[in-house]
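Worksheet: one structure, shown below.
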Amino acid sequence: MIVCIAEKPSVAKDIARILGANAAKNGYMEGNGYQVTWTFGHLCTLNEPHDYTPLWKAWSLGSLPMIPAQFGIKLIDDEGIKKQFRVIESLMREADEIVNCGDAGQEGELIQRWVMLKAGARCPVKRLWISSLTEESIREGFRQLKDQAEYQSLYEAGLARAIGDWLLGINATRLYTLKYGTRGQVLSIGRVQTPTLALIVNRQKEIRDFVPEQYWELKIMYRNVAFASEHGRFASKEEGEAALEKVRGKDFTVDGIAKKTGVEYPPRLFDLTSLQVECNKKFGMSADETLKAIQSLYEKKATTYPRVDTAFLSEDIYPKCPAILKGLKGYEMLTAPLDGKKLPKTKKVFDNSKVTDHHAIIPTGAPVRNLTDEEKRVFDLVARRFIAAFYSECRFTTTAVTGMVDGIRFKATGKQITDAGWRVVLGNKEAKENDAEEEGILPDFVKGESGPHEPFLGEKWTQPPKYYTEATLLRAMETAGKFVEDNDLRDALKENGIGRPSTRAAIIETLLKRHYIRKEKKNLVATATGEDLIGLIHEELLKSAELTGIWEKKLREIERREYSTRTFIDELKAMVAGIVQAVLGDNTNRHVSVEVQKPAAAKAGKKTSAKRQKEPAPPKEAVAVGATCPLCGKGTIIKGRTAYGCSEWKNGCTFRQPFDEK
């Protein structure tokens with residue numbers, strides 16, 4: 001009997017139907033020589049400290065660093081999970097062969113490997129590796145099953161990541177909580193979480209420390225066109241007014257007209273990060289909301305595998321593209337110009353060297369049904385971006401007109417789109433932007449023409465850096481804090497990005513839930529707690545995006561068999577030991593408090609991240625009316641209608657503890 005194990009019941013049932021395993025059993029489907037069962041995301045997790053020794057159950061500085069001689073795994077403590085695992089275990093022990101049908105990615109590999117390890121599986125294992133859940137893709141995947149050994153390095157990278165997060169997260173959280181925390185509250189430290197918070201805090205400090213500087217710009221209005229002085233900014237008003245008086249009342253003479261043609265290529269296809277960025281900009285969707293929507297579209301067979309970090313397609317996808325375009329119902333007006341024609345095949349779309357396990361996110365061409373409003377918006381972005389990839393370039397003409405007034409040179413530029421090309425595929429917002437560009441068309445000028453003008457001096461101020469939004473923070477995480485516009489340069493820096501595309505949304509949500517940051521409209525703003533926490537950490541290894549990016553690079557090298565898993569873990573152990581030693585040697589009396597957060601109970605049926613398991617918190621103390629506020633340290637606790645608060649709430653203190661948390 002061949003046992004197939006999928007990551008979700010819905011995926012398992014699709015696979016079972018295609019394989020002919022139609023008899024429903026308790027926790028699996030059976031038929032045609034197959035038994036198809038499923039997990040609920042993570043069934044197993046790394047052992048907790050007290051699973052290694054009872055001495056590690058109590059939080060104590062004397063027990064740090066906690067470094068197990070060998071890491072072990074256990075079932076997550078949930079009755080639904082335990083029941084399903086017993087089914088899986090019994091099937092695997094009798095199996096002739098196992099087919100791992102987990103999500104085709106690092107976390108999916110880790111989930112199923114741990115289950116097979118815990119179940120004691122001994123038979124040969126094959127891997128189903130597919131990029132979409134359509135019937136055609138599943139059938140093709142079963143015809144081309146891979147040997148599990150081909151994905152050993154992927155598993156080792158996932159294992160190294162989980163162990164690294166355990167070592168740093170649990171040790172650093174206990175260390176900082178016990179050394180610097182107050183009132184029994186937890187200071188949560190994470191390998192990716194903390195440097196991400198540091199990015200936000202550092203940006204906030206730049207904004208706070210920014211000193212605006214006044215400057216002036218000289219312009220003239222000639223034939224209803226604004227010409228700007230090529231002198232640039234004037235540092236003083238007097239200097240600007242002197243230039244203004246110099247040109248006032250004198251004719252402007254055109255002395256140069258330059259026209260150039262240019263092309264703008266279709267935007268790249270989406271990887272997960274660029275899709276999250278676009279959805280945040282256009283719809284205000286959080287990274288987590290976008291991930292949930294595109295994951296649902298994948299499970300509904302509307303789009304391909306979403307947790308990807310490439311914007312390219314492999315060349316074997318090219319022959320399938322006409323059928324995908326034909327299957328996009330509701331987009332016939334956009335796909336009609338491509339129908340029956342040979343689709344262009346360029347390296348800007350199809351490049352095997354830029355694709356590893358999965359290609360960019362594209363539609364599958366399968367019928368799309370029962371989508372939520374958010375899913376419809378996300379699908380529309382993916383579909384239009386895919387269609388646009390096969391349209392011609394956008395062609396435009398730019399015109400630059402220069403002229404002089406009494407020795408001072410002025411310049412105006414305009415842009416005219418001559419062939420919209422792929423831009424006709426874009427939605428309303430982009431269409432409005434196109435209109436704005438068309439309005440930038442300059443009238444016809446003749447070299448040597450001259451005439452009166454209206455000069456004016458504009459007063460301006462330099463602007464501080466902008467707060468991070470989820471869109472700009474995702475880009476910063478992708479490039480380890482470096483702001484990069486160029487796509488090719490961003491690709492090079494991705495190797496050192498912090499976190500993975502699939503985990504960055506969860507990191508942002510974690511920072512929000514722990515009240516280290518908050519949202520103000522689209523902006524992400526660090527709370528006083530978040531700022532205090534980063535200010536407290538002197539160890540650059542914990543908060544440097546660049547250094548964390550180096551660890552991420554090593555994890556990617558493990559995946560490519562270019563770096564040793566053992567070396568990586570040994571380096572992490574040494575780093576953790578060094579951090580513990582440095583903090584224990586700190587004799588300052590620094591402290592920070594955080595709000596008490598109500599823990600959310602884990603439920604069976606939902607994926608639980610093994611990399612971010614919650615460390616049990618020390619017992620929390622009940623607040624007392626009149627006591628000093630544990631958050632700001634200035635106000636006193638007062639009793640409201642539904643919760644305790646702080647008397648300094650009018651001055652910005654956000655401490656709040658509901659009555660039922662006493």
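Residue numbers start at 1 and run along the sequence shown.
- For the pair R161 and E552, the salt-bridge criterion is met [side-chain N within less than 4.0 Å of a carboxylate O].
- Side chain of Y52 to backbone of G72: a donor-acceptor contact under 3.5 angstrom is found.
- E375 and S296 share a donor-acceptor pair across their side chains, judged by distance under 3.5 Å alone.
- With respect to the salt-bridge test (charged N to carboxylate O, under 4.0 angstrom), the residues E374 and K292 do not qualify.
- Here L272 contributes atom CG and I361 contributes atom CD1; the two are 5.5 Å apart, rounded to the nearest 0.5 Å.
- Remark: the backbone N or O of E557 is not paired with any side-chain donor or acceptor of E562 at under 3.5 angstrom.
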Going through the checks in order, is the ring pair (Phe, Tyr, Trp, His ring centres under 6.0 Å) test met by F390 and W422?
-> CA-CA 8 Å; F390 299 105; W422 57 267; over 10 Å; no
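- In summary, the side chains of Q152 and Q148 do not present any donor paired with an acceptor at a separation below 3.5 Å, with no hydrogens or angles considered.
- Contact check on D380 versus K376 returns no salt bridge, with no Lys/Arg side-chain nitrogen under 4.0 Å from an Asp/Glu carboxylate oxygen.
- Side-chain contact check for S153 and E559: no donor-acceptor pair (N or O, by modelled atom type) lies under 3.5 Å.
- With hydrogens and angles disregarded, no donor-acceptor distance shorter than 3.5 Å links the side chain of D351 to the backbone of F312.
- Although no hydrogens or angles enter the test, the distance criterion places no donor-acceptor pair under 3.5 Å between the side chain of D271 and the main chain of A360.
- Taking the centre of each ring, F568 and W551 come in below the 6.0 Å mark.
- Side-chain contact of D316 with S314: a donor-acceptor pair under 3.5 Å is present, judged by distance alone.
- The existence of a salt bridge linking K513 and E509 is excluded, since no basic side-chain nitrogen approaches an acidic carboxylate oxygen closer than 4.0 Å.
- Looking at N280, its side chain does come within 3.5 Å of a backbone N or O of A471 through a donor-acceptor pair.
- Aromatic ring centres of Y298 and Y305: separated by under 6.0 Å.
- Under the 3.5 Å distance criterion, with hydrogens and angles disregarded, no donor-acceptor pair is assigned to the side chains of R307 and Q106.
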Pairs under 3.5 angstrom only: tabulate donor-acceptor contacts from the side chains of residues 90-97 to other protein residues two or more places apart or in another chain.
unit_1, atom_1, unit_2, atom_2, d
S90, OG, R86, O, 3.4
S90, OG, V87, O, 2.8
R93, NH2, E89, OE2, 2.9
D96, OD2, M1, N, 2.3

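- Ring planes of Y34 and F142: perpendicular class, angle over 60° (limits at 30 and 60°).
- No salt bridge links D309 with R500; every basic N to acidic carboxylate O contact stays at or beyond 4.0 Å.
- Under the 3.5 Å distance criterion, with hydrogens and angles disregarded, no donor-acceptor pair is assigned to the side chains of R268 and S274.
- For K13 and W38, the positive end sits near the middle of the six-membered ring, less than 6.0 Å away and at most 45° from its axis.
- Ion pairing between a basic and an acidic side chain is recognised when a charged N comes within 4.0 Å of a carboxylate O; R377 and E278 show no such pairing.
- For the residue pair S286 / D288, no side-chain donor-acceptor distance below 3.5 Å is found, with atom types taken as modelled.
- For the residue pair Q112/R127, the side-chain donor-acceptor check at 3.5 Å is not satisfied.
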After noting the C-alpha distance and the side-chain angles of E48 and K74, does the key distance pass the salt bridge (charged side-chain N to carboxylate O under 4.0 Å, His left out) rule?
-> CA-CA 9 Å; E48 295 175 75; K74 66 177 184 178; 2.7 Å; yes
